[in-house]
Amino acid sequence: RLSPASAVALAAVSRGLSVALLEQADFAKATSSRSTKLVHGGVRYLAQGDVFLVLEALKERGLLLKNAPHLTKNQSFVIPIYTTFDQLQYTVGLTLYDWMAGNLSLGRSRYISREKTLEAIPTVNPKGLKGGVVYQDGQFDDARLALAIAQTAAEQGACILNHIRVKALNKDANGNVNGAIAEDLEEGKQFDIKAKVVVNATGVFADD
């Protein structure tokens with residue numbers, strides 16, 4: 001999982017908005033630090049029949065590995081097979097998964113022998129094991145990617161600050177958010193930040 005706030009800041013500043021991102025701790029400390037560190041194409045959603053979500057996830061996976069090769073890599077996964085039905089299910093499903101990725105595919109899925117499966121997963125239960133299916137997904141350095149996104153946003157003009165806590169949101173007479181009260185956690189200073197864009201109760205931006 002990427003840092004949502006940094007990604008939103010980058011998207012906003014790249015569209016010409018004046019952006020300030022305030023983080024009360026270190027960047028990528030909270031949710032981002034607890035990610036799976038996987039860039040997956042949503043293979044589990046394929047089993048649920050959500051084809052459009054899988055197509056979107058596969059596209060984003062491929063673009064991320066293409067655009068940030070220094071922070072991402074291909075990762076092989078092995079699914080142990082114990083029944084003929086599992087072999088058919090996973091072979092067909094993952095072949096479809098590869099096909100849906102198109103020219104952004106990370107490599108073809110393949111069936112491997114029982115011996116190769118035991119070699120790849122020494123701790124797997126060997127009783128009844130027939131073989132395994134290998135497929136490709138991605139892995140990434142979540143903290144470095146979050147920092148890279150924040151740095152890119154700053155280079156494009158966003159104000160990116162950490163150890164600044166937002167204590168409260170300011171609202172106008174109509175209940176629209178038009179600023180924030182923030183505190184510098186290192187120096188104890190407080191700031192009243194005015195926004196040029198307000199956000200109404202429905203989350204829609206409007207010019208102030």
Side-chain angles (χ1 to χ4, degrees), residues 1-19 21 23 27-81 86-112 117 120-121 132-158 160 197 199 202-205:
R1 183 172 179 175
L2 303 185
S3 173
S6 297
V8 170
L10 177 57
V13 73
S14 65
R15 287 163 173 77
L17 296 176
S18 178
V19 176
L21 172 61
E23 169 60 61
F27 296 117
K29 179 182 178 181
T31 302
S32 296
S33 68
R34 297 173 178 86
S35 76
T36 62
K37 296 176 174 57
L38 296 179
V39 188
H40 63 82
V43 65
R44 63 180 177 177
Y45 303 121
L46 186 59
Q48 300 172 10
D50 198 338
V51 175
F52 292 107
L53 180 57
V54 176
L55 286 170
E56 181 181 3
L58 284 169
K59 179 180 178 182
E60 293 298 325
R61 181 196 71 176
L63 291 176
L64 181 56
L65 267 73
K66 181 180 179 180
N67 294 333
H70 59 301
L71 300 176
T72 58
K73 65 177 182 179
N74 283 25
Q75 178 65 52
S76 297
F77 293 87
V78 180
I79 300 176
I81 300 299
D86 283 346
Q87 180 180 348
L88 177 63
Q89 178 185 28
Y90 286 114
T91 300
V92 173
L94 291 171
T95 298
L96 177 61
Y97 186 64
D98 298 337
W99 177 80
M100 291 172 67
N103 59 5
L104 293 174
S105 173
L106 303 183
R108 295 180 60 183
S109 302
R110 68 186 190 279
Y111 183 79
I112 58 175
T117 303
I121 318 175
V133 176
V134 181
Y135 75 97
Q136 303 296 129
D137 253 331
Q139 192 170 34
F140 74 114
D141 186 324
D142 53 349
R144 287 185 62 198
L145 183 59
L147 290 175
I149 292 173
Q151 182 178 0
T152 302
E155 289 172 351
Q156 294 197 24
I160 310 292
V197 174
V199 184
T202 63
V204 177
F205 289 96

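Using a 3.5 Å distance cut-off with no hydrogens or angles, the side chains of Asp98 and Ser105 do not pair a donor with an acceptor. Between the side chains of Gln136 and Ser109, no donor-acceptor pair is found at a separation under 3.5 Å.
Of all the heavy atoms in Asn67 and Pro69, the pair that sits closest is C-CD, 3.3 Å. Nearest approach of Gln156 to Val13, heavy atoms of both residues: O-CG2, 3.4 Å. Closest approach of Ala153 to Ala9, counting heavy atoms only: CB-C, 4.3 Å. Minimum interatomic distance between Ala150 and Ser6 (heavy atoms only, all atoms of both residues): CB-OG, 3.9 Å. Scanning both residues, His70 and Arg144, for their nearest heavy atoms gives O-NH1, 4.0 Å. Of all non-hydrogen atoms in Thr117 and Gly132, the two that sit nearest each other are OG1-N, 3.0 Å.
Val8 places none of its side-chain heavy atoms less than 4.5 Å from the side chain of Leu21. Contact check for Leu58 versus Leu104: no side-chain heavy atoms found under the 4.5 Å cut-off. Put simply, the side chain of Leu145 reaches to within 4.5 Å of the side chain of Ile149, judged on heavy atoms. Contact check for Val133 versus Ile112: no side-chain heavy atoms found under the 4.5 Å cut-off. Put simply, the side chain of Tyr111 does not reach to within 4.5 Å of the side chain of Val134, judged on heavy atoms.
Residue pairs meeting the salt bridge (Lys or Arg N to Asp or Glu O under 4.0 Å) criterion with at least one member in residues 52-62, sequence neighbours excluded, are Arg61-Asp137.
Note that the CG atom of Asp141 and the CG atom of Leu147 stand 9.0 Å from one another [nearest 0.5 Å]. Once rounded to the nearest 0.5 Å, the distance linking CE of Met100 with CG of Leu55 reads 3.5 Å. For the atom pair CG of Leu10 and CD of Glu155, the computed distance is 10.0 Å after rounding to the nearest 0.5 Å. Taken to the nearest 0.5 Å, the OG1 atom of Thr91 stands 9.0 Å off from the CD1 atom of Ile79. Atom CG of Leu46 sits about 8.5 Å away from atom OH of Tyr97, to the nearest 0.5 Å. Distance NZ/Lys37 to CD/Gln139: 8.5 Å, rounded to 0.5 Å.
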Val54 and Val43: CA distance, side-chain angles, deciding distance, side-chain contact (heavy atoms from CB on, under 4.5 Å) verdict | CA-CA 7 Å; Val54 176; Val43 65; over 6 Å; no

Phe140 vs Leu65, side-chain contact (heavy atoms from CB on, under 4.5 Å): CA-CA, chis, key distance, verdict = CA-CA 9 Å; Phe140 74 114; Leu65 267 73; over 6 Å; no

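Remark: side-chain polar atoms of Asn74 are paired, donor with acceptor, to backbone N or O of Leu106 under 3.5 angstrom.
Annotation: ring pair (Phe, Tyr, Trp, His ring centres under 6.0 Å) contacts of Phe77 (sequence neighbours excluded): Tyr135. Qualifying side chain to side chain donor-acceptor pair (under 3.5 Å) partners for Asp50, counting only residues two or more places apart in sequence or in other chains: none.
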